[in-house]
Amino acid sequence: MEKRKRQTEIEGKRQQLDEQILLLQHSKSKVLREKWLLQGIPAGTAEEEEARRRQSEEDEFRVKQLEDNIQRLEQEIQTLESEESQISAKEQIILEKLKETEKSFKDFQKGFSSTDGDAVNYISSQLPDLPILCSRTAEPSPGQDGTSRAAAVYAMEINVEKDKQTGETKILSTSTIGPE
């Protein structure tokens with residue numbers, strides 16, 4: 001939006017610049033024509049000479065003002081164009097950051113699935129280590145204190161849906177269930 005605003009300002013300034021250039025050309029040609037016309041006229045009264053001199057000075061002053069306006073407009077256009085290029089550069093940086101974020105998000109999504117893309121394997125890999133339960137056995141093994149080690153049994157119900165078009169597996173819900 002800011003870039004579009006700058007572009008509109010640049011267009012307006014260029015139109016003003018074109019108008020000022022046309023006025024300058026017109027004023028310069030008018031001054032030259034009047035000087036040429038006055039060369040052939042014999043010297044008149046002092047009042048006529050003074051009026052011609054004042055008119056000539058006014059015309060030259062207008063030409064000078066137009067030249068100054070043209071210079072100012074050209075500088076303003078350059079400033080606006082540099083601001084526009086800075087805005088474009090900022091937009092480019094933002095777009096690159098967005099692309100990086102998009103890439104990192106895709107990597108993040110890929111990280112959730114294991115090498116074969118199976119979401120169930122991911123869930124099972126995220127389960128904490130199960131505690132080891134000790135139970136007394138009737139016959140102690142040699143070299144042990146009469147206990148044997150067995151992993152605790154937990155069950156988990158996982159509802160999974162597979163999209164047949166994309167091949168993507170999605171976990172709908174998970175819940176733990178008692179070992180019985």
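- Here Q86 contributes atom CD and E81 contributes atom CD; the two are 12.5 Å apart, rounded to the nearest 0.5 Å.
- The residues E60 and K64 are annotated as not salt-bridged, no charged nitrogen and carboxylate oxygen being separated by less than 4.0 angstrom.
- For the pair R6 and E9, the salt-bridge criterion is met [side-chain N within less than 4.0 Å of a carboxylate O].
- Pairing each heavy atom of L24 with each of I70, the nearest pair is CD2-CD1, 3.5 Å.
- In this structure, the side chains of E67 and Q71 stay at 4.5 Å or more apart for every pair of heavy atoms.
- The distance from atom NZ of K30 to atom CG of L32, rounded to the nearest 0.5 Å, is 12.5 Å.
- At most 12 heavy atoms of other shown residues, nucleotides or ligands fall within 6.0 angstrom of atom CD in E168.
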**OP:** Start with the C-alpha gap between K90 and E2, add the side-chain angles, then the distance that decides, and say whether salt bridge (charged side-chain N to carboxylate O under 4.0 Å, His left out) holds.
**Re:** CA-CA 11 Å; K90 288 177 184 177; E2 200 61 31; over 6 Å; no
**OP:** Assess whether side chain to side chain contact (heavy atoms under 4.5 Å, CB included) is satisfied between I94 and E91, documenting all intermediate values.
**Re:** CA-CA 5 Å; I94 290 171; E91 284 178 349; 5.7 Å; no
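- A salt bridge is absent between E96 and K99; no separation between the charged side-chain nitrogens and carboxylate oxygens falls under 4.0 Å.
- Other residues, nucleotides and ligands contribute only 12 or fewer heavy atoms inside 6.0 Å of the CD atom of E47.
- Here the CG atom belonging to L66 is positioned 11.0 Å from the CD atom belonging to Q25, to the nearest 0.5 angstrom.
- In this structure, E161 has no side-chain hydrogen bond (donor to acceptor under 3.5 Å, both in side chains) partners at least two apart in sequence or on a different chain.
- Taking the charged nitrogens against the carboxylate oxygens, R4 and E84 have no contact shorter than 4.0 Å, which rules out a salt bridge.
- Looking only at side-chain heavy atoms (C-beta outward), L22 and D18 stay at 4.5 Å or farther from each other.
- Rounding to the nearest 0.5 Å places CG of D163 at 3.5 Å from OG1 of T166.
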Original post:
Should R14 and E11 be marked as a salt bridge (charged side-chain N to carboxylate O under 4.0 Å, His left out) after you check the CA-CA gap, both sets of side-chain angles, and the distance that decides it?
Top reply: CA-CA 5 Å; R14 285 198 174 147; E11 289 172 13; over 6 Å; no
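- Looking at R54 and E58, no side-chain N of the basic residue comes within less than 4.0 Å of a carboxylate O on the acidic one, giving no salt bridge.
- In this structure the side chain of E57 never reaches within 4.5 angstrom of the side chain of F61, judged on heavy atoms.
- Taking CG of L73 as the reference point, atom CG of L80 lies at 10.5 Å (rounded to 0.5 Å).
- One finds the CD1 atom of I171 at 6.5 Å from the CD1 atom of I158 (value rounded to the nearest 0.5 Å).
- Distance alone, capped at 3.5 Å, is enough to place a donor-acceptor pair between the S27 side chain and the L23 backbone.
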**OP:** Show your working on side chain to side chain contact (heavy atoms under 4.5 Å, CB included) between E83 and T79 and close with a plain yes or no.
**Re:** CA-CA 6 Å; E83 288 175 4; T79 303; 3.8 Å; yes
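- Checking D59 against Q55 by side-chain atom types alone, a donor-acceptor pair falls below 3.5 Å.
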